[in-house]
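The next block holds one structure in the form of structure tokens; read it before the comments.
In the text below, chain A, chain B and the rest are named by the order of the sequence lines, each starting its count at 1.
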Protein chains: 2
Amino acid sequence: MSDHPDPVLRLLWRYDDGAASAPRRGRKQRLSVDDVVDAGIRIADRDGLPGLSMRLLASELGLGAMSLYTYVPGRDELVALMVDRALGRRKLPAMPDGVRDRMALVARVHYEACQQHPWLLEVSGLRAWVGPGASDLYEWQLSAIEGVGLDDIEMDQTVALLIGFASSVAQAQERIRAEERSSGMTQADWWAANADELGVVMAGREYPLAGRVGAAAGEAYQAATDPAREMEFGLARILDGLVAHIEQKRGTPA
Amino acid sequence: MSDHPDPVLRLLWRYDDGAASAPRRGRKQRLSVDDVVDAGIRIADRDGLPGLSMRLLASELGLGAMSLYTYVPGRDELVALMVDRALGRRKLPAMPDGVRDRMALVARVHYEACQQHPWLLEVSGLRAWVGPGASDLYEWQLSAIEGVGLDDIEMDQTVALLIGFASSVAQAQERIRAEERSSGMTQADWWAANADELGVVMAGREYPLAGRVGAAAGEAYQAATDPAREMEFGLARILDGLVAHIEQKRGTPA
DNA sequence: CATCCATTCCGTACGGCGTACGAGAAAGTT
DNA sequence: AACTTTCTCGTACGCCGTACGGAATGGATG
């Protein structure tokens with residue numbers, strides 16, 4: 001039957017055992033779980049997820065490496081806590097009127113989260129823990145489209161579509177930023193330095209469309225006073241499609 | 001001016017120096033770069049990207065670990081080669097008639113690629129190398145929407161939207177698969193085993209929408225004879241939006 | 001043929017990682 | 001004061017990517 005429940009849940013929800021009445025014996029913890037998680041977020045924001053090592057985190061907290069394991073069962077669980085907290089710490093703005101603006105807001109809020117915490121995009125191999133931060137966020141996201149005529153499954157899919165899109169734009173941008181940071185040259189520099197070599201190396205293979213479009217896109221993106229043009233185009237199309245679907249369903253209710 | 005060009009380009013395009021006339025001196029390589037890259041892909045398909053270690057790869061090839069470095073400068077470059085090859089090895093189907101079907105095909109082909117090589121989704125921290133596989137694919141993707149009335153930048157954004165969406169659906173599915181594989185229990189099992197604990201741990205916090213929608217979605221997804229329902233909904237909306245945009249531009253040409 | 005040398009192969013080693021283990025330190029209970 | 005529980009953390013193990021240098025190989029040269 002019911003396998004033992006997942007022990008990480010208590011940690012995610014900071015649930016204190018019910019035996020809170022009995023004051024804890026033994027040595028006291030110097031820090032709180034939140035201290036550890038926040039420090040982890042700070043490091044990941046600065047150095048990326050691979051740059052977050054248990055030893056570094058411990059030393060930034062003034063702890064020995066192994067002391068971390070009294071706060072958190074392991075690195076994976078720490079990252080899960082970081083994700084939930086990063087998602088949950090954001091204040092969720094009030095919903096505007098109009099489905100379209102509401103859905104746009106859902107996408108933009110997630111986009112901002114991914115920009116502030118780019119390591120969120122690197123957390124792929126990890127299970128999606130259900131914690132308070134993720135739950136608050138999901139509830140808020142659903143509230144954007146509650147009552148507009150979508151059934152439950154469509155609501156879930158709509159939210160997934162919006163935040164998936166926001167993630168993928170953020171990921172594309174972050175990839176470029178990371179590249180420029182690690183190579184020390186801008187995209188334009190790279191193409192300038194490698195145009196000749198590319199000509200040699202491609203040795204006659206022709207890419208008429210890719211060449212033309214790639215060049216235009218490259219120019220446009222590096223102009224980039226507004227770095228988020230990619231966001232606007234895609235979001236507009238997605239919202240068009242979603243609004244049309246909603247209106248069509250309104251026309252023919254179940 | 002032109003910094004030295006990126007040495008990995010020659011490897012990506014398998015460009016052989018021009019000094020091909022002079023036969024190589026010294027010991028011969030036992031394998032080819034493609035052998036190494038293919039073996040890497042095989043391992044990553046099986047064990048995921050973190051499971052691909054240089055030592056394991058070498059041993060599967062019957063080599064010492066350090067011998068790999070005569071084929072490939074390092075692990076990151078190997079992964080770049082794997083990506084380009086995984087993208088490029090696919091045969092690209094002929095384009096159907098009609099923009100809508102063409103764009104749908106672009107998304108579906110990328111979706112299939114991500115399903116066949118889930119590790120593609122984990123390659124986030126890496127630069128996007130321009131190799132023959134990626135170039136062929138991009139050219140093919142652009143050919144789907146060439147001449148429909150979009151300008152160059154919109155063409156790039158349209159492709160980005162389609163493949164970004166395909167990736168994010170694939171990623172959501174892969175996350176679930178990975179979870180079930182690592183925990184040994186299905187999603188349904190997990191919820192069954194943890195429902196009580198969640199009730200305790202959430203301690204009165206209420207999620208009316210998330211609870212209702214999450215439950216409906218969970219049921220629907222695990223029914224999942226068609227595991228790709230999420231794909232259909234989002235793709236339909238995106239295509240609706242894109243087609244509307246294209247038709248509107250056709251109506252008012254520049 | 002012998003010699004030379006470019007090239008590949010690979011054993012060893014270094015510094016880093018996550019974390020298992022167990023000894024010592026601190027704080028509440030008796 | 002003695003005991004028990006809990007936190008702290010030094011050491012160590014087995015992984016990782018890869019720098020280095022020596023051994024093996026085989027075409028080019030005499």
**OP:** Return the 5'-most residue of the pair B/Lys28, B/Pro73 with respect to DNA chain D, ranking by each residue's nearest nucleotide.
**Re:** B/Pro73

**OP:** For C/dT7, take OP1 and OP2 only and decide whether either is under 4.0 Å from a side-chain N or O of B/Arg25.
**Re:** no

Original post:
Quick one: on DNA chain D, does B/Gly51 or A/Leu31 contact a more 5' nucleotide (nearest heavy atom)?
Top reply: A/Leu31

**OP:** Could you tell me whether the phosphate oxygens of D/dT8, OP1 or OP2, come under 4.0 Å of any side-chain nitrogen or oxygen in A/Tyr71?
**Re:** yes

**OP:** Could you check whether B/Ser53 gets within reach of a base, just the sugar-phosphate, or nothing at all, counting any heavy atom under 4.0 Å?
**Re:** sugar-phosphate

Original post:
Short question: side chain of A/Glu139, backbone of B/Ala210 - any donor-acceptor pair under 3.5 Å?
Top reply: yes

Subject >> From A/Leu52, A/Val36, A/Val123, A/Asp38, residue fulfilling side chain to side chain contact (heavy atoms under 4.5 Å, CB included) relative to A/Met82 >> reply: A/Leu52

Original post:
Between the side chains of A/Tyr111 and A/Gln173, is a donor N or O closer than 3.5 angstrom to an acceptor N or O?
Top reply: yes

Original post:
Looking for any heavy atom pair under 4.0 Å, which part of the strands does B/Leu52 touch: base, sugar-phosphate only, or nothing?
Top reply: sugar-phosphate

**OP:** Could you work out which one of C/dT8, D/dT18, D/dC9 sits closest to the side chain of B/Gln29?
**Re:** C/dT8

Original post:
What is the nucleic acid contact for B/Gly64, judged by heavy atoms within less than 4.0 Å: base, sugar-phosphate only, or nothing?
Top reply: sugar-phosphate

Subject >> Nucleotide of D/dG10, D/dT18, C/dT7 approaching B/Arg27 most closely (side-chain heavy atoms) >> reply: C/dT7

Original post:
Nearest of C/dC21, C/dC10, D/dG17 to any side-chain atom of A/Met66?
Top reply: C/dC21

**OP:** Let me know the distance between CG of B/Leu63 and P of C/dG11, rounded to the nearest Å.
**Re:** 11 Å

Original post:
Within the modelled atom types, does a donor on one side and an acceptor on the other bring the side chain of B/Arg55 and the base of D/dT18 under 3.5 Å apart?
Top reply: yes

**OP:** Specify the separation, in whole Å, of atom CG of A/Leu61 and atom C1' of D/dC7.
**Re:** 15 Å

Original post:
Within the pair B/Ser67 and C/dT8, is there a side-chain N or O less than 4.0 Å away from OP1 or OP2?
Top reply: no

Subject >> Donor-acceptor contact present, side-chain A/Trp13 to main-chain B/Leu198, <3.5 Å >> reply: no

